[in-house]
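Here the structure is a predicted model, which is why all the values come from computation and not from measurement.
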Amino acid sequence: DLLIEYALKANLGIVFQTVDDLVSGSHYRLYKLHGSVNWTHPAAVPDDPQPTVRQMIDRAGADLKIDSQSFHRIDNPGDQGSRGILYPALAIPVLTKNAFECPSGHLGRLLDELGQVDRILVIGWRGSERNFLQLLDSAVDWGRLRATLVVAESLDAARMTEASIAAACSKVGTVDLFGEGFTGLLQTGGLAEFLRV
């Protein structure tokens, strides 16, 4: 989940201190629509200011109050200090999820930026999340799109992703497929070629 952040830091010196730092850069922005392993929401048990972990688990479905609109980044999950109860802000991508696990400001900015996209690079994604496909279809200016490339571990997997995208986004046009994984794309110079389109 954090590999892109590590790579941006190691190769470009980009460091994210807060959740909002991810989308505030002038050249690179990182959108995590499903939350992250180092994101949390503040939470509380109304009648117990210092509940045990077991009590929080037992009450999670009943009366654990989670502030789902507040997102905080923690770099060491074992050291929450005086932050109180922290609840993971991480969602499992599923077919019919109705909402994203990210700040509303991130989603709003992403919607604005999708209208400016001229290339789409899909890496290792099955394209089965309807909620995101609907967002993509409604926000992208398909007439502006110059290239779409799906990268997967095999051509069959890439074809499955292409079919999912084409079914939801009828204006996507031609989609190129690469079935030797992202490392293979780098080794063959395919990424540089895609970025030159």
Side-chain angles (χ1 to χ4, degrees), residues 1-16 19 21-39 89-97 99-102 106-107 109-197:
D1 181 58
L2 301 176
L3 288 178
I4 293 176
E5 291 181 51
Y6 295 154
L8 288 169
K9 180 179 179 181
N11 295 290
L12 300 174
I14 298 172
V15 178
F16 303 112
V19 172
D21 286 349
L22 293 165
V23 301
S24 62
S26 58
H27 296 293
Y28 299 96
R29 286 174 286 285
L30 180 58
Y31 293 95
K32 293 188 169 193
L33 298 181
H34 304 300
S36 185
V37 295
N38 63 349
W39 290 10
L90 182 65
I92 299 170
V94 294
L95 292 177
T96 57
K97 179 177 66 251
F100 296 110
E101 183 65 39
C102 69
H106 289 212
L107 191 56
R109 184 159 189 175
L110 176 62
L111 286 169
D112 290 342
E113 292 186 345
L114 281 174
Q116 303 302 312
V117 165
D118 64 1
R119 282 166 277 203
I120 296 177
L121 175 61
V122 178
I123 304 168
W125 180 53
R126 293 183 307 168
S128 57
E129 297 160 79
R130 293 182 200 133
N131 196 22
F132 180 75
L133 287 168
Q134 290 170 351
L135 180 144
L136 190 67
D137 190 38
S138 67
V140 169
D141 177 354
W142 297 103
R144 180 184 176 90
L145 202 64
R146 297 189 315 198
T148 302
L149 175 61
V150 174
V151 179
E153 73 276 4
S154 69
L155 277 177
D156 285 343
R159 284 187 192 103
M160 288 174 54
T161 299
E162 175 194 23
S164 295
I165 294 170
C169 308
S170 57
K171 300 175 187 172
V172 70
T174 302
V175 177
D176 293 317
L177 308 177
F178 187 85
E180 298 174 40
F182 187 64
T183 301
L185 185 70
L186 292 173
Q187 291 171 338
T188 62
L191 179 60
E193 182 180 336
F194 173 77
L195 295 175
R196 277 195 300 269
V197 170

What one should report as the nearest heavy-atom pair of E101 and L90 is CG-N, 3.7 Å
Find the distance between CG (D176) and CD (E162) and round it off to the nearest 0.5 Å. 9.0 Å
Is any side-chain heavy atom of F100 less than 4.5 Å from a side-chain heavy atom of L110? no
For a quick test of reading the model, state the closest non-hydrogen atom pair linking S36 to D1 and the distance between them. OG-OD2, 2.5 Å
Other residues, nucleotides and ligands only: do more than 12 of their heavy atoms fall within 6.0 Å of CD on E113? yes
Do you know which two heavy atoms are closest between C169 and W142, and how far apart they sit? CB-CZ2, 3.7 Å
With sequence neighbours left out, what residues match F132 under ring-ring contact (aromatic ring centres under 6.0 Å, His included)? W125
Return yes if some donor-acceptor pair links the side-chain N/O of R126 with the main-chain N/O of M160 below 3.5 Å, else return no. no
CZ/R146 to CZ/R196 distance, rounded to the nearest 0.5 angstrom? 12.5 Å
L177 side, atom CG; D156 side, atom CG - distance, nearest 0.5 Å: 10.5 Å
Quick one: are F178 and T188 in side-chain contact, heavy atoms under 4.5 Å? yes
I need the L30 CG to L8 CG distance, nearest 0.5 Å. 6.5 Å
Test item: K32 and W39 side chains (from C-beta on) under 4.5 Å apart, heavy atoms: yes
Any side-chain heavy atom of L191 within less than 4.5 Å of one from L121? yes
Only one of I165, L149, V175 passes side chain to side chain contact (heavy atoms under 4.5 Å, CB included) with V122; say which it is. I165
H106: which of L111, L33, V19 passes side chain to side chain contact (heavy atoms under 4.5 Å, CB included): V19
Are any of the side-chain nitrogens in R109 or D112 under 4.0 Å away from the carboxylate oxygens of its partner? no
Are the side chains of L185 and I123 in touch, meaning some heavy atoms are under 4.5 Å apart? no
Given L22 and E5, is the side chain to side chain contact (heavy atoms under 4.5 Å, CB included) satisfied, shown in steps? CA-CA 9 Å; L22 293 165; E5 291 181 51; 4.2 Å; yes
Considering all heavy atoms of both residues, which atom of A157 and which atom of A152 are nearest to each other, and what is their separation? CB-CB, 3.8 Å
So do the side chains of V117 and L145 get within less than 4.5 Å of each other, counting heavy atoms only? yes
Which pair of heavy atoms, one from A99 and one from N131, lies closest together, and at what distance? N-ND2, 3.7 Å
Shortest non-hydrogen contact between R144 and Q116, atoms and distance: NE-O, 2.9 Å
